[in-house]
Novice: 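Before I ask anything, let me first share the structure, which is written out below as structure tokens.
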Amino acid sequence: MSNVLNEVLLANREYANSFDKGDLPMPPGRRFAILTCMDARLDPAKYAGLSEGDAHVIRNAGGRASDDAIRSLVISYKLLGTREWFVIHHTDCGMETFTNEIMGDLLSSSLKTASVDADGWHDSCEGPGCTDGKYINWLTIKDQAQSVTEDVMRIRNNPLVPSDIPIYGYIYDVKDGKLIEVPEATAAGRA
Ligand SMILES: [Zn+2]
């Protein structure tokens with residue numbers, strides 16, 4: 001068994017030993033949702049003070065308002081009653097380090113994990129890759145404040161999102177753990 005698998009199962013056993021949250025209702029008790037990046041340095045439960053049952057946390061690369069993130073947000077309010085949403089991107093995000101073009105080139109030559117150095121991204125091996133794969137918009141980021149604002153606007157302008165849900169735009173600083181508001185995003189997300 002892999003070390004990671006062992007460690008996860010052991011940690012889960014410990015968690016389950018003192019588990020006392022078995023009676024929580026499905027709708028989030030504090031009635032809000034956070035859309036944020038999957039970056040391993042971010043822990044929304046800690047940076048936003050969440051416990052089990054409190055809020056929805058939707059995570060993807062960059063915390064972007066992709067169709068799938070919006071799908072989750074719509075389910076979050078329509079079926080599970082959330083009333084306020086946050087879009088939280090962060091400093092030093094990996095999504096700032098590449099473009100759609102770079103990702104397409106890397107994938108077309110190899111499906112192995114790529115490496116990065118001062119000259120940019122490189123494939124770790126040569127070989128045929130998924131040149132026939134469908135093109136994906138990777139939703140890379142040039143500027144955090146701009147990407148937060150774009151995403152808040154994309155959610156705000158979706159016809160399935162009611163206008164009375166406020167959407168707040170923030171950037172999490174990986175150096176000090178602080179949330180910094182992006183005022184133009186919060187303004188765009190005003191209920
Ligand atoms: Zn990120």
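Just so you know, ligand 1 is whichever comes first in the structure, and atom 1 is the first atom listed for that ligand. Side chains are part of it too, since the values below use all heavy atoms of this structure and drop only hydrogens, waters and symmetry mates.
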Novice: Does a donor on one side chain sit under 3.5 Å from an acceptor on the other, for S76 and T82?
Specialist: yes
Novice: I'd like to check I88 versus L179 (side-chain heavy atoms, cut-off strictly below 4.5 Å). Are they in contact?
Specialist: yes
Novice: Can you list every ring pair (Phe, Tyr, Trp, His ring centres under 6.0 Å) pair that touches residues 39-58, not counting sequence neighbours?
Specialist: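 Of all non-adjacent pairs touching residues 39-58, those that pass ring pair (Phe, Tyr, Trp, His ring centres under 6.0 Å) are Y47-Y172.
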Novice: Using 2.8 Å as the cut-off, note every protein N, O or S atom close to the Zn ion (ligand 1).
Specialist: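 The answer is C37 SG, H90 NE2, C93 SG.
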Novice: In terms of side-chain heavy atoms, does T149 have a donor or acceptor partner in E184 at a distance below 3.5 Å?
Specialist: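 Checked: T149/E184 side chains show no N/O donor-acceptor pair below 3.5 Å.
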Novice: Is I155 close to W85 at the side-chain level, that is, under 4.5 Å between some pair of heavy atoms?
Specialist: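 Touching, per the 4.5 Å side-chain cut-off.
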Novice: Would you say S72's side chain and D68's backbone share a donor-acceptor pair under 3.5 angstrom?
Specialist: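 A pair under 3.5 Å: yes.
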